[in-house]
Amino acid sequence: MIIKSTNINLKHIAESGQCFRMNRMDDNKYSLIAFGKYIELIQTDRDSVEITCSEEEYQLLWKDYFDMDYNYNEIVTVLIQGKDEFLKKAAEFGRGLRILKQDIFETLISFIISQRKNIPAIKSCIEQLSVKYGERKVSSTCDNKEYYTFPTPERLAGANIEELRKAGLGYRDKYILKTSQAVLRSDIDIIKLRELNSGEAVRELLNLSGVGIKVANCVSLYGLHHIESFPVDVWIGRILKDIYHNKFDLELYNGFAGIVQQYMFYYIRSQNKEDIKP
DNA sequence: TCCCAGGTATTTT
DNA sequence: AAAATACATGGG
């Protein structure tokens, strides 16, 4: 299945810190586990991507997952033609980034794990959790590739805390357990969060163990696709302080600040990472 | 070996 | 109410 788009870049998406189960296999080729499925993606040229799935599965799942109905060119153009020099560079550099529509529970648990960990360590934890508590599957389309789906709330809520910790969670083990149990008991209805606006959803999420303002905003942005949510982590915090002297005007990007945040995050980190430089 | 990582909860001023 | 501090583990 081939996707044509003037604004999709697998490398940018995979390396932008929004998802943790999309991995580079070799140049231009990535594997991805999401929604219980395994696919491989190839950047065949600047404007096209090949996915190892049927047309039907693409229409049913991946088209939405990659947010293909949204016009990212419009935002990139606004930023590149705008007056903000930093965002101009960030948008030029990150052209092809998209905000994925990820599973809400996986996003919630993943970003609880993310606190005080670097991205490789986060990925490692999530992979270990999946092997331990997910479902083993074999991809029929990708050379019988073996993979493990992300655990369900039931599986994590029923986990033994010592066993959980062996996945490298550290002190976060109790957060994962409590939050999974809260989801299972429907103390919070994570499906209904979709019906709320971003502010209301964040407020609900803050009741969960291990979820503070930053993680709540990440869940809102990446799990609920509230593209106005603007997570502030150490990197974004440094940008707001060092580049904008704490005078960054979010109102300028009302309604899509989360996407702007993603260009910022990806760009600033590229400055410090050889392997992401263009 | 040392430092720090897409922060949060708890304790202390 | 605001500010300091503890927290587990592993990647670089």
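Hydrogens, waters and symmetry mates play no part in the numbers below; they use all other heavy atoms, side chains included. Labels below follow one simple rule: chain letters A, B, ... track the order of the sequence lines, proteins then strands, and each chain is numbered from 1.
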Sugar-phosphate only, base, or nothing, as touched by A:Tyr222 at under 4.0 Å among non-hydrogen atoms: base
pi-stack flag for A:Phe265 and B:dG6, centroid dist under 5.5 Å, interplanar under 30°: yes
Residue A:Gln261, side-chain heavy atoms: nucleotide from B:dG6, C:dG11, B:dT8 that is nearest: B:dG6
Sub-4.0 Å heavy-atom contacts from residues 231-248 of chain A onto DNA chain B, ordered by number: A:Pro231, A:Asp233, A:Val234, A:Trp235, A:Ile236, A:Arg238
Residue A:Lys145 excluded, over 12 heavy atoms near NZ under 6.0 Å: no
Touch class at under 4.0 angstrom, heavy-atom based, for A:Gly17 against every strand present: base
P spacing across the pair C:dA8 / B:dT11, given as an integer number of angstrom: 13 Å
Backbone N/O of A:Leu169 and side chain of A:Arg172: donor-acceptor pair under 3.5 Å: yes
Rounded distance in Å - CD1 (A:Ile126) to C1' (C:dT9): 15 Å
A:Ile122 CD1 - B:dG7 C1' separation (whole Å): 11 Å
Residue whose nearest DNA chain B nucleotide is more 5′ - A:Lys214 or A:Val211: A:Lys214
Carboxylate-amine/guanidinium contact A:Glu200 A:Arg203, below 4.0 Å: no
Touch class at under 4.0 angstrom, heavy-atom based, for A:Leu206 against every strand present: nothing
Solution key, residues 242-249 of chain A side-chain donor-acceptor pairs under 3.5 Å, sequence neighbours excluded:
| from | atom 1 | to | atom 2 | distance (Å) |
| --- | --- | --- | --- | --- |
| A:Tyr244 | OH | A:Asp84 | OD1 | 3.1 |
| A:Tyr244 | OH | A:Asp84 | OD2 | 2.8 |
| A:Asp249 | OD1 | A:Glu251 | N | 3.1 |

NZ/NE/NH1/NH2 to OD/OE distance under 4.0 Å, A:Asp67 and A:Arg98: no
Euclidean distance, atom CD1 of residue A:Ile113 to atom C1' of C:dG10 [Å, nearest integer]: 14 Å
Polar side chain donor-acceptor pair, A:Ser130 to A:Arg21, under 3.5 angstrom: yes
Nearest-Å distance for atom pair CG/P, residues A:Asn118 and B:dC2: 19 Å
Sugar-phosphate only, base, or nothing, as touched by A:Ser16 at under 4.0 Å among non-hydrogen atoms: base
Parallel, tilted or perpendicular, as decided by the 30° and 60° cut-offs, for the rings of A:Tyr65 and A:Trp62: perpendicular
Atom pair distance, as rounded to whole Å: CE in A:Met264 and C1' in B:dG6: 15 Å
Per-nucleotide protein contact string for nucleotides 1-8 of chain C (B base, S sugar-phosphate only, - none; heavy atom under 4.0 Å): ------BB
Hydrophobic cluster identity match, A:Phe20 and A:Leu108, side-chain contacts under 4.5 Å: yes
Span that lies between the C1' atom of B:dG6 and that of C:dA4, in whole angstrom: 22 Å
Electrostatic pair A:Glu146:A:Lys137 at N-O distance under 4.0 angstrom: no
